[in-house]
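The next block holds one structure in the form of structure tokens; read it before the comments.
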Amino acid sequence: MLLQFPSQTGGEVDLKKSYDAVIVGSGAAGGMAAHALTSQGMKVLLLEAGKAQDTSKILHSMEWPYDHPRRGKMPPDYHALTTNEYNFRQGAPFPNSPYSKVTSYIQGWGQSDYSKTLVVDDKQNPYTGTRYAWVRSRVVGGKTNIWGRLALRLSDYDFKAKSRDGFGEDWPISYSDIEPYYDRVDEYLGISGHPENLDYLPDGKFQRPVKLSYSELHLRNSLKGMDRVLTPYRAGVTTDGLKHNKYRSRCYGRGACNRHVGGCDIHAAFDSPTGLILPAMETGNLTLRPNSTVYEVTVDENTGKASGVSFIDSDSRQSYKVKAKTVILAASTLESTRLMLLSKSQKHPIGIGNLSGHVGHNFCEHVMGPSVAGFMPELVGKERTLDDGRPGGFYIPRFRNLKTKSDFLRGYGFEGGAGCGMTPGTAFSTSGFGVEY
Ligand SMILES: Cc1cc2nc3c(=O)[nH]c(=O)nc-3n(C[C@H](O)[C@H](O)[C@H](O)COP(=O)(O)OP(=O)(O)OC[C@H]3O[C@@H](n4cnc5c(N)ncnc54)[C@H](O)[C@@H]3O)c2cc1C
């Protein structure tokens with residue numbers, strides 16, 4: 001199914017009318033807002049800075065690695081955040097480890113020749129400040145076009161963490177408030193997983209789980225009795241199919257998911273364009289305008305409330321103002337923050353919604369740590385299996401600071417995978433040539 005947006009250029013935006021809502025950004029958050037509001041009959045304008053791209057055509061999951069001149073790698077002159085830089089910017093704990101020398105088979109975080117048009121080129125669009133890694137996807141659907149598909153639920157260990165360890169603040173909501181919405185999202189978008197009945201990683205409404213490989217099963221069994229659980233990758237992928245969505249297919253296990261980090265040309269993995277935006281368009285209540293970079297939230301001078309947004313067409317450079325009763329910023333954490341800070345007015349002199357002065361501060365990045373790899377000795381020399389074709393391997397949820405206390409706060413989880421792949425990751429990091437290799 002090709003992604004034929006009814007209005008590739010956004011069609012007519014009515015600059016005179018006041019929309020029920022204008023949404024800025026069409027990724028995970030913007031797509032969901034568009035879907036939820038249009039299904040209730042609201043007239044919604046969705047403004048997206050990037051262009052519409054048809055991932056059904058560009059991700060090539062059926063291409064053999066050897067049919068690509070660089071096995072999927074980007075051209076040498078193309079620059080995006082590489083895995084090395086990603087680790088470096090995050091202050092990788094082991095800068096001299098062999099891992100940090102690997103020039104990564106995905107080339108960059110979120111990058112390959114297939115997905116390069118979906119991710120912002122860091123050289124063309126540099127950023128400064130404290131070291132952090134910022135992968136940007138400026139395209140209809142945002143980062144859902146490349147996400148790694150791991151779809152986990154938060155629990156009261158997250159929402160009420162302060163009550164457990166005394167640090168930070170508890171959220172004003174708890175898991176029981178949000179659980180029915182998680183359920184609805186799982187059923188609407190599809191998620192694969194295996195129930196484990198853990199209160200710190202609640203189960204979802206799962207479709208068929210991915211099958212653990214021999215080594216993964218071995219690891220799962222070896223963790224028993226250690227208060228650690230290895231569960232099949234909880235993937236935001238429909239493995240059984242979705243009768244209500246004609247744009248998405250169930251996963252056929254074609255096994256090219258990691259070629260683009262994420263991204264799925266048959267849309268078994270959730271992406272906002274096929275999962276949310278196209279269905280929202282079918283209601284007749286949604287106008288999507290790509291190429292529309294919002295630069296300010298406008299404010300009603302009397303009430304001080306948001307009255308709409310100003311945006312610039314990134315091709316013609318022409319500016320427009322559009323009115324709406326509700327303004328939803330879903331331009332990703334950092335871009336939404338920037339927009340709030342840019343939206344200064346008499347009533348909001350240091351940016352909209354910034355009475356506290358905290359907007360743009362206290363940013364906490366998604367920190368990634370080191371990785372380990374190993375071989376299963378008993379499988380060396382045995383007949384190969386083919387364990388590809390799964391949207392992920394396994395996940396080991398947090399096990400620190402649950403029953404016992406460590407000398408640090410809270411915890412971390414592990415993503416991993418084991419098995420024989422058609423093009424194993426180790427092939428890229430193993431040194432030598434010929435027999436030595
Ligand atoms: C490589 C990679 C792997 C990931 N893997 C996982 C995973 O396995 N599991 C998981 O839970 N999460 C994962 N994530 C994170 C996940 O993709 C994001 O958390 C999620 O997409 C954020 O949604 P969002 O709507 O806030 O932003 P986005 O999805 O980034 O969407 C924001 C949209 O706003 C648009 N925009 C920005 N500025 C403007 C503007 N001024 N005007 C108009 N439009 C604008 C952008 O072009 C973009 O389309 C991954 C991310 C990356 C990069």
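Order of listing sets the numbers, starting from 1, for every ligand and every atom in it.
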Which atoms of ligand 1 are found less than 4.0 Å from any heavy atom of [X]?
| X | value |
| --- | --- |
| Gly25 | 33 (C), 34 (O), 35 (C), 44 (N) |
| Gly148 | 3 (C), 4 (C), 5 (N), 6 (C), 7 (C), 8 (O) |
| Val135 | 53 (C) |
| Ala29 | 25 (O) |
| Thr293 | 41 (N), 42 (N) |
| Val24 | 42 (N), 43 (C) |
| Gly142 | 29 (O), 31 (O), 48 (C), 49 (O) |
| Val139 | 47 (O), 49 (O) |

(message) Please compare Arg136, Glu48, Arg234, Lys143 and report which has the shortest non-hydrogen distance to atom 33 (C) of ligand 1.
(response)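 Nearest heavy atom to atom 33 (C) of ligand 1 lies in Glu48.
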(message) Quick test of your reading of the structure: of Ala49, Ser115, Ser336, Ser314, whose heavy atom lies closest to atom 44 (N) of ligand 1?
(response) Ala49
Could you tell me whether [X] approaches ligand 1 through its side chain, its backbone, both or neither, with non-hydrogen atoms closer than 4.0 Å?
| X | answer |
| --- | --- |
| Glu335 | side chain |
| Leu152 | neither |
| Ser292 | backbone |
| Ser332 | both |
| Ser137 | backbone |
| Arg149 | backbone |

(request) Flag the pair Leu47 / Ile23 as yes when at least one side-chain heavy-atom distance between them is below 4.5 Å, and no otherwise. (result) no
(request) Please tell me if the side chains of Phe399 and Val229 come closer than 4.5 Å, counting only heavy atoms from C-beta onward. (result) no
(message) With a 4.0 Å cut-off on N to O distance, would you call Asp158 and Arg164 a salt bridge?
(response) no
(message) Looking at Arg254 and Asp388, is any side-chain nitrogen of the basic one under 4.0 Å from a carboxylate oxygen of the acidic one?
(response)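 Answer for the salt bridge query: no.
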(request) Report, as yes or no, whether the 6.0 Å neighbourhood of atom CG on Asn197 holds more than 12 heavy atoms from other residues, nucleotides or ligands. (result)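 Counting other residues, nucleotides and ligands, CG of Asn197 stays at 12 neighbours or fewer.
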(message) Are more than 12 heavy atoms, taken from residues, nucleotides or ligands other than Leu355, located less than 6.0 Å from that residue's CG atom?
(response)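 Result for CG/Leu355: open.
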(request) Flag Leu339 as yes when one of its N or O atoms lies below 3.5 Å from any N or O atom of ligand 1, and as no otherwise. (result)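 N/O-N/O distance below 3.5 Å does not exist for this pair.
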(request) Could you tell me whether some N/O pair between Ala151 and ligand 1 is separated by less than 3.5 angstrom? (result)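 No.
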(message) So which atom in His194 and which in Asp203 form the shortest heavy-atom distance, rounded to 0.1 Å?
(response) O-OD1, 4.2 Å
(request) Please round to the nearest 0.5 Å and tell me the distance separating atom CG of Asp20 and atom CG of Asn285. (result) 8.5 Å
(message) Would you compute the distance between atom CD of Glu216 and atom CG of Leu230 and round it to the nearest 0.5 angstrom?
(response) 7.0 Å
(message) Ring of Tyr114, cation from Lys116 - is the NZ or CZ under 6.0 Å from the centre and inside 45° of the axis?
(response)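 Here Lys116 fails the 6.0 Å and 45° test against Tyr114.
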(message) Can you confirm if the NZ or CZ of Arg234 lies within 45° of the ring axis of Phe394 and under 6.0 Å from the centre of its six-membered ring?
(response)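 No, cation not above the ring by the 6.0 Å, 45° rule.
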